[in-house]
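Data block below; observations after.
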Amino acid sequence: MIRGFERTVALRYILPWNSGLSVGVIAGFSFLGIFLGVAVLIVVMSVMNGFRVELVSKIVGVNGHAIAMGFGGEMRDYQRVADDLAAVDHVERVVPFVEAQVGVTRPGGQGAFALVRGLAPGDLTKTALQPHMVTQGSLDDFGDDRIVLASTIAERLGAFAGDPVTLVLPKGRATPMGVAPRLKRFTVAAVVETGLFQFDETLLVMPLDTAQTFFRRGDTVSGITLFLDDANRIDRVAPDLRAVLGGERPVGALSTWRDINSNLVSALDLERKVMFLILTLIIVIAAFNIVTSLIILVKNKSADVAILRTMGARRGAILRIFMACGALVGVTGTLLGAGAGTLFAANIQAIQRGLERLTGAQLWDAEVRYLSEIPAVVQPLEVVGVVAVAFVISLVSTLPASLWATSIDPVKVLRYQ
């Protein structure tokens, strides 16, 4: 604990008009470096958190937090299985689906391959396909022979809402002339943009019963998509879900969103750790300025230290005085930087719009990045972690000069005074 007189001496030493111009300038740069380092670190980590949340939400929005696939791509008695899965804690909704690949053409237009998702009309908006994603048509028209196309595949086909398209299934019926492909005409009810290229390029959604008939699946589905109340709980809930699918008569296998996107999740986690490490170096560099300023301060105040020692001040008191000098710069810079970084990250969209109005330039192109605004999610525990790291670095940087101050010999210093 720092005593009253130690605090008073430390404040007198660190103030610019008492410490000297050189010490004041270096201490000012130290404060500015720690302030900017902490603020930038919080802003960057918050933006990366926002990107991670947005990206994961878009990916799991279509594929769900987990997928229960039937063995051989076929799940019987799926309604009972869906009810059993829905009864597991933290499972919010379950969506049976049929999945297959087909060719799709438009009269007079080009052809493309599509990934078909067969969903019940009532389950359509339980996935990521929400009304705000619709660029043409309406999701209310989905049903029977009316389908939903993703934006990129619709553009490739030259298809718009209300246009007819033909689905081609290569494995058709056998005829004396060989196997004839199965063809069926559908009408585009809506065109949607999910924001992820891998889905916008191939996704085609048709009614579940229509898909079962077209692909001759009978009363079966390919699997069941599961959505939890929190995506991060999937590791804890997965064993219970697998127990339901296993049982005495196993009906399928479970894949979580972490399993499906393991490479992406690992890359995002690694990127966050690397960015944290790199940006922490800014704080470390600023801490070197604290070391420099304290060394100069100790040199300038060596006579004062000697006098304090002759008046009865112990080495520990001298140590705490100069540690307090450096800690004042580091702690003040850290707290103000944390506040500024948090405020900036929390209002980054408003700042973006303000800068765009001020400069007249588009700083964020939604068509390129698929996100209308810069995402930012401030996590309180992460802010606390950044502040703690900056505190530790600031305090450690005060030790070299403070220990040197305690080694000053009053006799040698005052001999010629």
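One-based numbering along the sequence shown.
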Compile the donor-acceptor pairs under 3.5 Å between side chains in residues 252-259 and protein atoms, sequence neighbours left out, one pair per line.
unit_1	atom_1	unit_2	atom_2	d
Thr256	OG1	Arg258	N	3.4
Thr256	OG1	Asp259	N	3.2
Thr256	OG1	Asp259	OD2	3.0
Trp257	NE1	Ala231	O	3.0
Arg258	NE	Asp235	OD2	3.4
Asp259	OD2	Thr256	N	3.2

Would you give me the side-chain donor-acceptor pairs under 3.5 Å for residues 383-400, sequence neighbours excluded?
unit_1	atom_1	unit_2	atom_2	d
Ser394	OG	Ala390	O	2.8
Ser397	OG	Ile393	O	3.4
Ser397	OG	Ser394	O	2.6
Thr398	OG1	Leu395	O	2.6

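- Using a 4.0 Å cut-off between charged nitrogen and carboxylate oxygen, Lys184 and Asp145 count as a salt-bridge pair.
- Here the CD1 atom belonging to Ile234 is positioned 6.0 Å from the CG atom belonging to Leu241, to the nearest 0.5 angstrom.
- In this structure, Asp144 CG and Phe186 CZ are separated by 10.5 Å, a value rounded to the nearest 0.5 Å.
- Closest approach of Leu226 to Ala68, counting heavy atoms only: CD1-N, 3.9 Å.
- Between Met275 and Leu279, some side-chain heavy-atom pair lies under the 4.5 Å cut-off.
- Here CD1 of Ile408 is found 10.0 Å from CG of Leu308. Values are rounded to the nearest 0.5 Å.
- Using a 4.5 Å cut-off on side-chain heavy atoms (C-beta onward), Val116 and Val98 make no contact.
- Looking at Thr406, its side chain does come within 3.5 Å of a backbone N or O of Leu403 through a donor-acceptor pair.
- In this structure, Gln101 places its CD atom where only 12 or fewer heavy-atom neighbours from other residues, nucleotides or ligands lie under 6.0 Å away.
- Taking all atoms of both residues into account, the shortest heavy-atom contact from Val305 to Ala405 is CG1-O, 3.7 Å.
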**OP:** Check step by step if side chain to side chain contact (heavy atoms under 4.5 Å, CB included) holds for Leu139 and Val148.
**Re:** CA-CA 8 Å; Leu139 296 180; Val148 174; 4.0 Å; yes
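- The nearest pair of heavy atoms linking Ala120 to Leu208 is N-CB, 3.5 Å.
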Original post:
Which is it for Ser293 and Leu297 under the side chain to side chain contact (heavy atoms under 4.5 Å, CB included) test, yes or no, and what are the steps along the way?
Top reply: CA-CA 6 Å; Ser293 64; Leu297 181 63; over 6 Å; no
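- Using a 4.5 Å heavy-atom threshold, the side chains of Phe97 and Ile67 count as touching.
- In terms of the side chain to side chain contact (heavy atoms under 4.5 Å, CB included) criterion, residue partners of Arg146 (sequence neighbours excluded) are, by chain and number, Asp141, Thr187, Ala189.
- Side-chain contact between Thr332 and Phe31 is present, with at least one heavy-atom pair separated by less than 4.5 Å.
- Evaluation of the side-chain hydrogen bond (donor to acceptor under 3.5 Å, both in side chains) rule for Asp84 yields Arg80 as partners, not counting sequence neighbours.
- Note: Met69 CE to Leu245 CG = 11.5 Å, rounded to the nearest 0.5 Å.
- The list of side chain to side chain donor-acceptor pair (under 3.5 Å) pairs with a residue in residues 273-288, not counting sequence neighbours, is empty.
- Smallest separation of non-hydrogen atoms from Gly33 and Ile282: O-CG2, 4.2 Å.
- Residues Asp163 and Leu157 form no side-chain contact, since every pair of their non-hydrogen atoms from C-beta on lies 4.5 Å or further apart.
- Side-chain N or O atoms of Thr210 include none that pairs as donor or acceptor with a backbone N or O of Met206 at under 3.5 Å.
- Listed by chain and number, the residues in a salt bridge (charged side-chain N to carboxylate O under 4.0 Å, His left out) with Arg233 are Asp229 (sequence neighbours excluded).
- Under the 4.5 Å side-chain criterion, counting only non-hydrogen atoms from C-beta, Asp123 is in contact with Pro96.
- Note: Ser30 OG to Ile290 CD1 = 5.0 Å, rounded to the nearest 0.5 Å.
- Side-chain contact between Phe113 and Thr202 is absent, with no heavy atoms from C-beta onward closer than 4.5 Å.
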**OP:** Take Val192 and Thr135, measure what side chain to side chain contact (heavy atoms under 4.5 Å, CB included) needs, and give me the verdict at the end.
**Re:** CA-CA 6 Å; Val192 297; Thr135 59; over 6 Å; no
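- Contact detail for Arg272 and Met45: the closest heavy-atom pair is O-CE, 3.8 Å.
- Atom CG in Leu281 sits 10.5 Å away from atom CG in Leu41 (nearest 0.5 Å).
- Looking only at side-chain heavy atoms (C-beta outward), Val191 and Val134 stay at 4.5 Å or farther from each other.
- Residues Thr220 and Gln212 share a closest heavy-atom pair of O-NE2, 3.0 Å.
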Subject >> side chain to side chain contact (heavy atoms under 4.5 Å, CB included) assessment of Ile295 paired with Lys299 >> reply: CA-CA 6 Å; Ile295 289 176; Lys299 183 175 179 61; 5.7 Å; no
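- With 3.5 Å as the limit, one finds a donor-acceptor pair spanning the side chains of Ser222 and Arg217.
- Atom CD of Glu155 has 12 or fewer heavy atoms from other residues, nucleotides or ligands within 6.0 Å.
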